[in-house]
There are 2 protein chains.
Amino acid sequence: MPKLVDHEERRAQIIDALLRAAADTGLHAVTMRSVAIEAGTSVRLVQYYFDTKEQLLLAAVNRLTARMGERVRDRVRTAGSSPAPRDIVEAVLLEAVPTDEESRIFHLVHTEYAVLSITDRALGGQRFLAAPKEMEGFLISQLAAAQQAGDADPHLDARQEAVVLLAVSAGLGLSVLLGQRTADDANAVLRYHLGRLFHGGGGSDEGGKASAGRNPAGGK
Amino acid sequence: MPKLVDHEERRAQIIDALLRAAADTGLHAVTMRSVAIEAGTSVRLVQYYFDTKEQLLLAAVNRLTARMGERVRDRVRTAGSSPAPRDIVEAVLLEAVPTDEESRIFHLVHTEYAVLSITDRALGGQRFLAAPKEMEGFLISQLAAAQQAGDADPHLDARQEAVVLLAVSAGLGLSVLLGQRTADDANAVLRYHLGRLFHGGGGSDEGGKASAGRNPAGGK
DNA sequence: GACTTGATGGTATGTTTGTACCATAAAAAC
DNA sequence: GTTTTTATGGTACAAACATACCATCAAGTC
C-alpha cells in the first residue's frame with residue numbers, strides 16, 4: 001500500500017473522521033486514538049499528518065469554516081434563476097437549520113467549536129467574529145434592496161432587522177440541535193418571520209401566516 | 001476548624017467554585033483538582049461532598065437550572081407595578097442577555113452544559129427541553145393577552161411569534177457570549193423587535209425604530 | 001475522661017492521554 | 001541493484017486524571 005499519497009486528501013480524510021467523532025461523542029472527548037480508529041488508521045499516522053493535536057483541531061476548524069462558507073455561497077447561487085432578496089435571504093438563513101445527517105454533524109461541531117472558542121483563547125479567538133459581521137452586512141444590503149424595490153416596509157431599520165434575522169437563524173438552528181424542535185418546524189417559523197418582513201414578491205411558499213405547519217405543540 | 005458544617009452550604013460553595021472554573025477555562029477543562037483549588041480546599045473534600053465527578057457535574061447543572069428559573073421569575077416579579085404583557089415579555093427575554101459578570105458566568109456555563117448535553121446522553125438528555133417548552137407556553141399566553149387588549153396585531157400567529165422571540169433571545173445572548181455584540185446592542189435590538197410586535201402600551205423605551213442605540217456597526 | 005463520629009488532608013493506584021521513539025516495507029532515485 | 005525517501009505500524013513514556021485508601025484532629029456523647 002505505501003504508494004505515494006496525496007497529502008491533502010489524507011488530511012481531509014482524517015479531519016472528516018475527527019468531525020464524525022466529535023459529532024458522536026462531543027468535541028471534548030475527541031482523542032488522537034479515537035480519531036485514528038474512526039479514520040481506520042493508526043495513531044502514528046495522525047501524528048504524521050498533523051504532528052500535534054492542537055494543529056489537528058486547528059486544521060479541522062479551518063476546514064469547517066471554509067466549508068460553511070461554501071455551503072452558504074452554494075445556497076445563494078442555487079436560489080433560483082432571478083431570485084428576489086427574500087429568496088436569497090431565506091436560502092442563506094435556512095442553511096443554519098440542520099436537516100440531513102451531514103449538515104447536522106456540521107452544525108453540531110461548528111457550535112461546539114464556537115462555544116469552545118469562548119474559553120480557549122488559543123483557538124483563534126476571533127475566528128468566529130469575521131463571518132457573522134460579513135453576513136450582517138450582506139443581509140443589510142439585501143434588506144435595503146428589498147425596501148427600494150417595494151418588497152419591504154421602508155420604515156424598517158435594516159440593520160436591526162438584519163441582526164434579528166441572524167439571531168433567529170442561530171437560535172432556531174441551536175434549538176434543533178438541542179432537540180427542542182424539528183427541522184421542519186424551525187424552517188416553518190423562519191419562513192413565517194420572513195413573511196412578516198417582506199410583502200409581495202416572495203418565494204414559493206406564499207402567504208405569511210398561512211404556513212403554520214403541522215403545529216407540533218398542539219393547542220396551547 | 002472541624003466544627004459541624006452545613007452540608008448544603010458547603011456544596012453550594014463547591015458548586016460555585018466549579019461554575020467559576022468552568023467559566024474561566026471551559027467546562028471540559030474542569031477537574032476535581034481545579035475545582036478544589038478554586039474553592040480553596042482539598043480534592044478529598046470535593047470527593048467527600050460529591051463522591052464522584054459525575055455527581056458533581058450533575059449537582060452543578062441542577063443548581064444552574066434552578067437559579068435560572070429563579071432569575072426569570074424575579075424578572076417577572078419586578079417588572080413594574082402593573083406590567084403590560086410587553087413589559088413582562090421584555091423583562092423575561094432580556095434575562096438571556098448577559099450583562100454583569102455574574103450573569104455572564106451563568107449563561108456561559110449554561111450554554112456549555114446545553115451543548116454538552118447534545119452528545120453526553122448521561123447528562124440528563126431531556127434536562128434542556130422542559131424549561132423552553134414551558135417558556136414557549138408562557139410567551140404564547142402573554143402574546144394572546146396583548147392581542148386581546150389591543151396592544152398587538154390580532155392577525156399575528158402567537159405561537160410562531162413566541163418561537164421567534166425565544167430564538168431571538170437565545171441567538172442574541174449567544175452572540176454576546178461569543179463577543180460578536182455588546183450587551184447594550186443586543187438589548188437595543190431585542191427592544192426594537194418587541195416594538196415591532198407590540199404597538200402602544202409599551203414599556204419605558206418608547207418608539208420602536210427610534211431606539212437605534214449607538215449603532216456600533218457604522219454606516220453600512 | 002474515654003470513645004465515637006464528622007470533617008478534613010495527604011497519598012497511592014490504575015487508567016488514559018499526547019507525544020516521542022524505533023522499526024519496516026514499498027516505492028523512487030541513482 | 002543498491003540506497004534513500006515516504007508512508008505506515010507498534011511501543012514506550014511522562015503527565016494528568018478520577019478515585020480509593022490511610023491518617024488526624026476537633027467536636028459531641030456517654
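Letters A, B, ... mirror the listed sequences (proteins, then strands); counts begin at 1.
Distance, B/Gln47 CD to C/dG10 C1': 11 Å, rounded to whole Å. The CG atom of A/Leu27 sits 15 Å away from the P atom of C/dT17 (whole-angstrom rounding). Distance B/His28 NE2 to C/dT17 C1': 14 Å, rounded to the nearest Å. In this structure, A/Met32 atom CE and D/dG10 atom C1' are separated by 17 Å, rounded to whole Å. What separates CD1 of B/Ile14 from C1' of C/dG9 is a distance of 14 Å, to the nearest Å. Rounded to whole Å, the distance from CG on A/Leu45 to C1' on D/dT6 is 11 Å. Rounded to whole angstrom, the span from the CD atom of A/Glu9 across to the P atom of D/dA7 amounts to 13 Å. To the nearest angstrom, C1' of C/dT19 lies 14 Å from CD of A/Glu54.
Among the atoms of the strands shown, only primed sugar atoms or phosphate atoms (P, OP1, OP2) are found under 4.0 Å from some heavy atom of B/Tyr49. Note on B/Arg33: a base of the nucleic acid sits closer than 4.0 angstrom, heavy atoms only.
Position along DNA chain C of the nearest nucleotide to B/Asp6 versus B/Arg44 favours B/Asp6 as the more 5'-ward residue.
Closest approach to the A/Arg10 side chain among D/dT19, C/dG18, D/dT8 is made by D/dT8 (side chain taken as heavy atoms from C-beta onward).
Between the side chain of B/Gln180 and the backbone N or O of A/Phe128 there is at least one donor-acceptor pair closer than 3.5 Å.
Residue B/His7 has a polar side-chain atom (N or O) positioned under 4.0 Å from OP1 or OP2 of C/dA7. For A/Tyr48 and D/dA7, the shortest distance from a side-chain N or O to OP1 or OP2 is below 4.0 Å. Using a 4.0 Å cut-off, no side-chain N or O of A/Thr52 falls inside it from OP1 or OP2 of C/dG18.
The closest side-chain donor-acceptor pair between A/Gln47 and A/Arg44, if any, does not fall under 3.5 angstrom.
Using a cut-off of 4.0 Å between Lys/Arg side-chain N and Asp/Glu carboxylate O, B/Glu70 and B/Arg77 are scored as not salt-bridged. The pair B/Asp87-B/Arg75 fails the salt-bridge criterion, with no side-chain N (NZ, NE, NH1 or NH2) lying under 4.0 Å from an Asp/Glu carboxylate O.
Between B/Arg67 atom CZ and B/Arg71 atom CZ the span is 6.5 Å, to the nearest 0.5 Å.
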